[in-house]
Amino acid sequence: MVTCGLPYANGDLHVGHLRTYVGGDTFARALRKLGQDVAFVSGSDMHGTPVAVNAWQEGVSPEEFALRHHEAYERTFPEFGIEFDNYGHTREPSNVLLTREFVRTLDDEGHIYDEEIEVAWDPEEGQPLPDRYVEGTCPYCGAQARGDECDEGCGRHLEPGEIENATSVATGNPAEYRTRNHKFFRLSAFQEYLTGFIDRLEGTSNARNQPREWIEGELEDWCITRDLDWGIDYPGEEELVLYVWVDAPIEYVASTKEYAERADSADSESSLSFDWERAWTEDGELIHVVGRDIIQHHTVFWPAMLHGVGYNEPRAVLASGFVNLDGRAFSTSRNRAVWVDDYLREGFDPDLYRHYVITGTGFQQDTDFSWDRFAERVNGELVGTLGNFLYRSLLFAHRNYDGTPDAEVSTEVRERIEDAIEAFAAGVNDYSVRAVGRTGIELARFGNEYIQRHEPWKLVDSDPDRAAQVIRDCVQLAKAASVLCAPTMPGKAEVLWSQLGESGPVHDVGVDAALDAPPATFDAPTEPFERIEDERVAALNDDLERRIDEAATRNADGEEATAANDDSEVAAAAADADDERTDADASDSDNDDGGDTDGETAVDDAEGVDFEPLADERIGFEAFGEVDLRVGRIEAAEPIESSDELVHLEVDIGVEVRQVVAGIKQLHDVESLPGRKVVIVANMEKAELFGVESNGMVLAAGEAADLLTTHGDAPPGTKVR
RNA sequence: AGCGGGAUGGGAUAGCCAGGAGAUUCCGGCGGGCUCAUAACCCGCAGACCGGUGGUUCAAAUCCACCUCCCGCUACCA
């Protein structure tokens with residue numbers, strides 16, 4: 001069994017999302033090449049609060065909203081050669097029934113208990129408000145926060161009731177808290193089991209190690225119900241639905257079951273037949289391929305559930321790294337993304353991206369996408385190495401021998417192919433799709449060297465027998481490369497296979513076919529890969545930049561938000577308060593914002609290399625005059641405890657003493673601040689940071705927050721022009 | 001803060017689990033060759049004290065300890 005983490009039916013897919021699925025698909029195909037009986041399944045995750053909230057905001061039913069995305073995903077995956085044996089969704093009857101069965105079993109076995117907890121409630125609507133239905137102010141830092149997490153400020157997890165000024169996202173009504181009965185999964189009872197499990201688990205090292213903190217620490221019981229209409233009802237409890245992370249992984253099983261049932265109902269002579277119960281409860285081996293953001297769910301909650309119902313445990317979890325765009329995170333809200341539809345509309349073959357993302361770096365490592373690197377890898381590895389070797393070999397063979405010349409494969413080449421097959425198998429055993437994907441390319445690299453070393457174009461006249469043997473070797477290498485590339489580049493492999501004159505799909509043959517004799521005759525080949533020219537790359541980069549700019553302008557018009565985010569910490573301190581993005585995107589591996597400010601400022605600061613470009617637009621004196629700059633003198637300075645950077649300042653600006661919060665704690669010796677003269681923006685909008693009101697903004701330069709000051713004796717309160 | 005992942009020639013990456021001849025491959029640079037092939041391909045050269053400091057060992061990129069810097073995770077978001 002190979003499964004891919006369920007995509008959440010809540011937004012469009014960008015190429016970064018695809019990494020997990022391409023990885024899973026490649027791995028499943030590689031297993032088949034080695035003769036394994038594989039079922040490869042996934043499905044869309046339809047339930048949960050974000051779908052409910054976003055559907056509500058769009059004014060459609062959650063069902064319609066989720067289904068729309070599900071259908072898009074279902075259509076998209078095959079377009080990228082990701083061919084699930086079954087792709088369902090969590091709302092299908094098979095999953096609903098199986099989920100209830102799981103829960104009933106867990107209940108019968110005593111793994112579930114009731115407990116009363118506090119939940120937010122909309123008194124006017126008489127509705128419970130789970131998770132993201134609530135927004136308010138973070139009690140720790142004062143930033144805008146969602147019900148359970150201070151997502152834009154300090155990032156803290158918030159317990160129910162902690163959030164201040166809580167209101168309903170849907171109605172805007174103030175929320176209150178009520179005591180409700182919920183169901184808890186006794187995860188703590190699985191501590192010992194999971195301790196053993198994590199030592200047995202195979203896969204990528206991040207997946208095997210990250211959950212240790214939890215498992216070897218204290219496991220908390222898990223609340224598995226929500227007050228929500230949208231989801232699978234808890235058996236026998238009308239008011240509660242199951243938490244999505246209960247029914248989502250069960251879709252792996254339900255999807256397998258659907259596949260098995262479809263296989264059974266197909267004509268009986270077909271070899272298609274799959275025993276789902278054997279796979280999940282007997283001697284099947286489970287391999288989960290997921291994004292690295294959902295490791296815990298697959299190494300803690302899910303194995304405990306499986307164990308609780310007596311199913312097999314996962315043998316391996318492969319957790320993929322993220323894909324960045326030009327070194328920074330994809331950002332759906334800023335349209336900083338290469339969407340899958342864009343990619344396809346550009347007419348790029350999906351196998352190009354598959355090869356890029358699979359062989360670029362280790363699966364668990366983060367990687368970077370840019371059109372420049374994409375073109376470089378396509379032109380170098382696919383056009384220059386693989387495509388060129390296959391084309392020149394087959395063309396030469398076709399012209400001179402009308403196909404495969406009548407000669408034996410040399411020992412050297414046979415051994416080289418055997419090594420490649422071994423490396424392929426070793427890659428699978430190491431859970432390294434990268435190693436698997438490289439084998440075909442490496443073989444072509446060898447082939448280019450081999451053909452050059454023997455110069456068959458000279459031998460055809462001087463030593464025809466020898467020429468025939470060399471070309472026979474080359475055709476064999478071409479065939480082997482086609483077979484070994486099939487998991488990474490299924491479409492291209494198929495084309496090459498048929499150009500070799502082979503009948504039937506390359507996907508039906510195993511790795512050993514790499515050593516079988518190619519057909520005696522075949523037609524002239526076509527060039528398998530097309531070069532991406534520099535002009536094309538430039539155009540693609542321009543498009544991307546323009547889109548980002550447009551989105552930034554749109555955002556700025558709307559609420560003057562995004563740009564402030566990227567500024568230095570000092571400015572950000574004052575800007576944060578009005579930065580409320582309508583964050584409709586909660587797509588899974590969207591590791592938005594977070595790191596990108598750091599990445600950028602770090603570069604800006606490096607020996608003054610990369611300055612921010614000067615602003616294009618000129619402003620008038622009047623516009624400048626709107627900023628009321630004043631000389632101030634710091635009277636008192638105290639660090640704000642719970643913050644890494646913020647300092648609480650009392651600044652004398654002549655007419656009054658202002659309380660100002662500035663993000664300069666790490667950069668200055670706070671005790672030395674009093675007495676310093678600074679320049680502040682006196683008419684800055686007030687902001688609340690970590691619960692402290694900031695009435696003004698201190699000016700400072702760069703990442704080091706070099707404070708602006710005066711050099712004469714201008715007294716506090718003096719206007720700065 | 002704790003935990004996980006990472007730091008390797010100008011850029012990008014492999015090797016680390018199972019320690020061993022002054023380290024892989026690609027891009028880029030320089031020089032040469034070839035002309036079957038999509039200005040592609042082949043050969044050669046220059047370029048890395050393998051993040052830092054200690055330790056174990058006959059031997060450390062690899063194992064151990066501490067440190068620095070990046071990225072991420074931290075359960076009633078998905």
Side-chain angles (χ1 to χ4, degrees), chain A residues 5-10 45 47-51 53 115 117-119 130-132 146-149 151 155-160 182 184 187 204-214 216-217 219-226 243-245 248 292-297 300-301 319 321-322 324 329 359-362 364-368 373 376-377 379-381 383-385 387-397 399-400 430 434-435 438 441-442 445 447-453 455-458 460 471 474 527-531 586-591 594-595 598-599 602:
Chain A
L6 310 193
Y8 194 54
N10 186 34
D45 184 3
H47 297 130
T49 316
V51 161
V53 171
E115 187 163 296
I117 57 168
E118 295 272 294
V119 297
D131 310 326
R132 291 192 178 185
R146 276 198 278 250
D148 59 335
E149 180 196 14
D151 56 329
R156 251 177 248 246
H157 168 74
L158 304 177
E159 294 296 318
H182 275 269
F184 279 76
L187 186 65
T204 52
S205 61
N206 52 356
R208 286 181 293 124
N209 293 325
Q210 192 165 298
R212 286 182 185 276
E213 184 186 15
W214 287 17
E216 288 163 9
L219 284 171
E220 295 166 27
D221 289 339
W222 188 37
C223 182
I224 55 167
T225 46
R226 293 291 183 277
Y243 179 39
V244 281
W245 272 112
R292 71 175 220 243
D293 51 341
I294 52 173
I295 288 175
Q296 261 84 349
H297 299 94
V300 181
F301 301 128
F322 293 134
N324 289 320
T359 65
T361 187
Q364 69 165 319
Q365 249 64 270
D366 285 359
T367 189
D368 195 41
R373 298 232 285 150
E376 182 184 302
R377 302 264 322 275
N379 292 343
E381 293 172 1
V383 178
T385 302
N388 185 238
F389 172 68
L390 294 166
Y391 182 60
R392 75 200 291 203
S393 299
L394 298 194
L395 189 63
F396 199 96
R399 281 181 186 161
N400 293 278
D430 290 344
R434 178 183 204 267
R438 292 229 70 102
I441 303 286
E442 294 304 327
R445 205 183 299 289
N448 273 323
E449 184 216 314
Y450 186 83
I451 196 170
Q452 187 73 30
R453 180 151 43 97
E455 301 186 307
W457 46 93
K458 287 181 180 165
V460 269
I471 291 304
C474 289
E527 294 165 357
F529 297 98
E530 210 177 301
R531 219 187 130 71
S587 43
D588 53 358
S589 54
D590 188 13
N591 50 333
D598 296 339

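This is a predicted model, so every value here is computed, not measured. First the proteins, then the strands, lettered A, B, ... as listed; each starts at 1.
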Categorize [X] for me: base, sugar-phosphate, or nothing, with a 4.0 angstrom heavy-atom threshold over every strand shown.
X: A:Arg377; result: nothing
X: A:Phe529; result: base
X: A:Ile295; result: nothing
X: A:Gly360; result: sugar-phosphate
X: A:Gly387; result: nothing
X: A:Val244; result: sugar-phosphate
X: A:His182; result: nothing
X: A:Arg399; result: sugar-phosphate
X: A:Glu449; result: sugar-phosphate

Nucleotide forming a Watson-Crick or wobble pair with [N], both distances under 3.5 Å:
N: B:rC30; answer: B:rG44
N: B:rA21; answer: none
N: B:rC66; answer: B:rG52
N: B:rC73; answer: B:rG2

Sub-4.5 Å side-chain heavy-atom contact between A:Val51 and A:Val244: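 SC-SC contact between A:Val51 and A:Val244 ruled out.
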
Taking only the [atom1] atom of each, what is the distance from [N] to [M] in whole angstrom?
N: B:rC30; M: B:rG5; atom1: P; value: 41 Å
N: B:rC71; M: B:rG32; atom1: P; value: 45 Å
N: B:rG19; M: B:rA40; atom1: P; value: 43 Å
N: B:rC42; M: B:rC26; atom1: C1'; value: 16 Å
N: B:rG22; M: B:rC69; atom1: C1'; value: 28 Å
N: B:rG28; M: B:rG11; atom1: C1'; value: 8 Å
N: B:rG54; M: B:rA1; atom1: C1'; value: 26 Å

All side chain to side chain contact (heavy atoms under 4.5 Å, CB included) counterparts of A:Asn400, not counting sequence neighbours: A:Phe396, A:Val460

Most 5' of A:Gly380 and A:Gln210 on RNA chain B, judged by nearest nucleotide: A:Gly380

Which residue lies more 5' along RNA chain B, comparing A:Pro456 with A:Thr367 via nearest heavy atoms: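 Checking each residue's closest nucleotide, the 5'-ward one belongs to A:Thr367.
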
The side chain of [X] lies closest to which of these nucleotides: [options]?
X: A:Val383; options: B:rU35, B:rU38, B:rC36; value: B:rU38
X: A:Arg226; options: B:rC76, B:rA37, B:rA75; value: B:rC76
X: A:Asn209; options: B:rC34, B:rG4, B:rC71; value: B:rG4
X: A:Asp366; options: B:rC36, B:rA37, B:rC71; value: B:rC71
X: A:Ile117; options: B:rC71, B:rC34, B:rC76; value: B:rC76
X: A:Arg445; options: B:rG5, B:rA75, B:rC42; value: B:rC42
X: A:Thr361; options: B:rU13, B:rU35, B:rC42; value: B:rU13
X: A:Glu527; options: B:rA14, B:rU38, B:rC41; value: B:rU38

Just the rounded figure in Å: distance from [atom2] of [N] to [atom1] of [X].
X: A:Glu216; N: B:rC73; atom1: CD; atom2: P; value: 21 Å
X: A:Ile451; N: B:rU35; atom1: CD1; atom2: P; value: 13 Å
X: A:Trp214; N: B:rG4; atom1: CH2; atom2: P; value: 15 Å
X: A:Asp430; N: B:rC17; atom1: CG; atom2: C1'; value: 10 Å

Ring-base stacking, A:Tyr391 with B:rA37 (5.5 Å, 30° cut-offs):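 So A:Tyr391 does not count as stacking on the base.
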
pi-stack flag for A:Phe396 and B:rC36, centroid dist under 5.5 Å, interplanar under 30°: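 It does not: the two rings, one from A:Phe396 and one from B:rC36, miss the stacking criterion.
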
Proximity of A:Trp222 and A:Phe301 rings by center, below 6.0 Å: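 Aromatic pair counts; centres sit under 6.0 Å.
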
Main-chain N/O of A:Ile471 paired with A:Ser393 side-chain donor or acceptor, under 3.5 Å: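 Flag not set: sc A:Ser393 to bb A:Ile471 has no pair under 3.5 Å.
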
Heavy-atom donor-acceptor pair, A:Tyr8 side chain to A:His47 backbone, under 3.5 Å: yes

According to a strict under-4.0 Å criterion, is [X] in side-chain N/O contact with OP1 or OP2 of [N]?
X: A:Arg373; N: B:rC26; answer: no
X: A:Lys458; N: B:rU35; answer: yes
X: A:Arg531; N: B:rA40; answer: yes

Any donor-acceptor N/O pair under 3.5 Å between B:rG2 base and A:Glu213 side chain: yes

Base B:rC36 to side chain A:Gln452, donor-acceptor N/O within 3.5 Å cut-off: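 Flag set: donor-acceptor pair detected.
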
Side-chain donor-acceptor pair present, A:Thr359, A:Arg377, cut-off under 3.5 Å: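 A:Arg377 and A:Thr359 do have a side-chain donor-acceptor pair below 3.5 Å.
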
